[in-house]
Amino acid sequence: MDPFESPIQSNGQNEDNNFGDFEKVEPVSTTTTEEEDMYSAAKQPEQEAATGDLLGGFGKNLKIDPRVLDLIYWRDVKKTGVVFGSVLVILLSLTSFSVISVLAYVSLAALTVTFSFRVYKNVLQAVQKSNEGHPFKVWLEKDISLPEDKMQQAARALAQHLNEDAVRLRRLFLVEDLVDSVKFGLLLWVMTYIGAWFNVMTLVILAVVAVFTLPKVYETYQVQIDEVLDKAKTQIMNVVEQVKAKLPFLNKKDKQKTQ
C-alpha cells in the first residue's frame, strides 16, 4: 500500500473489491431437477414392466399412466403419502362401516372443507374490497372428462383378459386336462383356508399396501431380490423334476404339448 494513500481511500478500494467479488458469484445450478426428470423418464419402461408383472396380464396389456408410476414408486413423498394414507383410511373405515356410511361421511367432510373455504374467501374479499373471483375457478374450468382412446384401450384389455379367463375356467371345470383340473382343485382347497383367515376387504387392504410398497422395495433391493428369486426358481425346478420322475403321466403330458 502507498504510504501517502489515505486509509479512507484504501477502505473504499477494499469495499469495491468485495462488491466485485459478490458480483462474480454465479447463480446456483438447477440441473438437479432436470437430471431427476431424465432419470425418471429413463426408468419408466422398467417401472412399467415391473408393475405390469405385479398386475398380471391385464397390467401388461394396459399402458400405465406415468403419474400412477410416480405415485407407486414414491417420486413425490408428500403426494404419495397423501394418496396412500387417504386410500388406506377409507378401506379401514369400510371394515367397520357400510359403504354408504363411508361415502356419506367422506363427501360431507369434503363439502364442509370446500364450503368453509368459499365463505372465508368471500368474507376476505369483502373486507379487502378485492375482486379475486371464485376460489375454485381453476378447478371448475379444468377438463375432467376421461379420454375416449384410453377408455377404449382399457375396455379392450379388460375384455381380452376376461375372455382368456373364461376359456381357461371352462377347461378347468369341464376337466379337459386331468392334471390341470387337479391343480385347480388344490388351489381352491387352499383358497378355502385363505377365506377363513381373511375377508375380501382385508385382502384388498393387503393388495393396496403391496402395490405401494413392493415396487419400491424391489427397485431399491433389486440385485439381492433377484439372487434370492433365482435360487428359489432353481430349487422349485429341482422339485418339479423329482415329481415328474416319480409321476410318469406328467411327462406324457409334456410330450403331448411339444407335439
Side-chain angles (χ1 to χ4, degrees), residues 47-113 146 154-155 157-173 180-222 224-226 228-229 232-233 235-236 239:
Q47 295 170 358
E48 289 182 354
T51 312
D53 293 338
L54 180 65
L55 297 177
F58 179 69
K60 293 179 180 179
N61 295 330
L62 180 63
K63 184 177 179 59
I64 302 175
D65 194 298
R67 292 172 295 183
V68 177
L69 292 175
D70 291 339
L71 288 175
I72 293 175
Y73 285 92
W74 295 79
R75 298 299 177 225
D76 190 340
V77 178
K78 293 182 179 179
K79 186 182 296 184
T80 303
V82 170
V83 174
F84 179 49
S86 302
V87 173
L88 196 60
V89 168
I90 292 175
L91 292 177
L92 290 175
S93 301
L94 290 174
T95 59
S96 302
F97 305 98
S98 64
V99 177
I100 298 176
S101 299
V102 173
L103 290 177
Y105 280 118
V106 171
S107 302
L108 185 60
L111 180 60
T112 303
V113 172
L146 296 175
L158 179 60
Q160 180 181 358
H161 192 62
L162 292 176
N163 292 332
E164 293 175 354
D165 289 341
V167 173
R168 190 178 296 110
L169 290 174
R170 183 183 63 181
R171 291 181 58 255
L172 294 173
F173 278 108
D180 289 342
S181 296
V182 171
K183 292 179 181 178
F184 182 60
L186 293 176
L187 177 61
L188 294 177
W189 179 67
V190 173
M191 292 296 293
T192 58
Y193 286 95
I194 296 177
W197 296 334
F198 309 102
N199 55 19
V200 177
M201 190 53 60
T202 304
L203 294 176
V204 172
I205 293 173
L206 292 176
V208 171
V209 173
V211 168
F212 278 93
T213 55
L214 294 182
K216 184 61 179 179
V217 171
Y218 179 74
E219 183 187 37
T220 305
Y221 303 100
Q222 182 175 0
Q224 295 86 342
I225 293 175
D226 287 341
V228 175
L229 290 178
K233 288 180 180 179
Q235 293 179 356
I236 291 173
V239 173

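If you read the sequence from its start, that first residue is 1, and numbering goes on from there.
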Inset, instruction - Can you label the angle between the W189 ring and the Y193 ring as parallel, tilted or perpendicular, going by 30° and 60°? - result: perpendicular
Legend entry - Greater than 12 external heavy atoms within 6.0 Å of I100's CD1: no
Inset, instruction - Could you tell me the separation between the NZ atom of K216 and the CG atom of L214, rounded to the nearest 0.5 Å? - result: 13.5 Å
Legend entry - Distance (rounded to the nearest 0.5 Å) between T220 OG1 and I225 CD1: 8.5 Å
Inset, instruction - Would you check if T95 and T202 make a side-chain contact, meaning some heavy-atom pair closer than 4.5 Å? - result: no
Inset, instruction - Only counting residues at least two apart or in another chain, list the ones meeting salt bridge (Lys or Arg N to Asp or Glu O under 4.0 Å) with K79. - result: none
Legend entry - Between CG on residue L108 and OG on residue S101, distance to nearest 0.5 Å: 12.0 Å
Inset, instruction - Report yes if the side chains of V211 and I72 come closer than 4.5 Å at any heavy-atom pair, otherwise no. - result: yes
Legend entry - Heavy-atom side-chain proximity of F212 to V83 below 4.5 angstrom: yes
Inset, instruction - Flag the pair F84 / V208 as yes when at least one side-chain heavy-atom distance between them is below 4.5 Å, and no otherwise. - result: yes
Inset, instruction - With rounding to the nearest 0.5 Å, note down the distance linking CG in L229 to CD in Q222. - result: 10.5 Å
Legend entry - Pairwise distance OG1(T192) to CG(L187) - rounded to 0.5 angstrom: 10.0 Å
Legend entry - Smallest separation among heavy atoms of P215 and A210, with atom names: CD-O, 3.4 Å
Inset, instruction - To the nearest 0.5 Å, tell me how far L92 CG sits from I205 CD1. - result: 4.5 Å
Inset, instruction - Decide, yes or no, whether a salt bridge links R168 with D165 under the criterion of side-chain N to carboxylate O below 4.0 Å. - result: yes
Inset, instruction - For a side-chain contact (heavy atoms from CB on, under 4.5 Å) with V204, tell me which candidate from L91, N199, V87 qualifies. - result: L91
Legend entry - Contact check, side chains of T80 and Y73, non-hydrogen atoms, under 4.5 Å: no
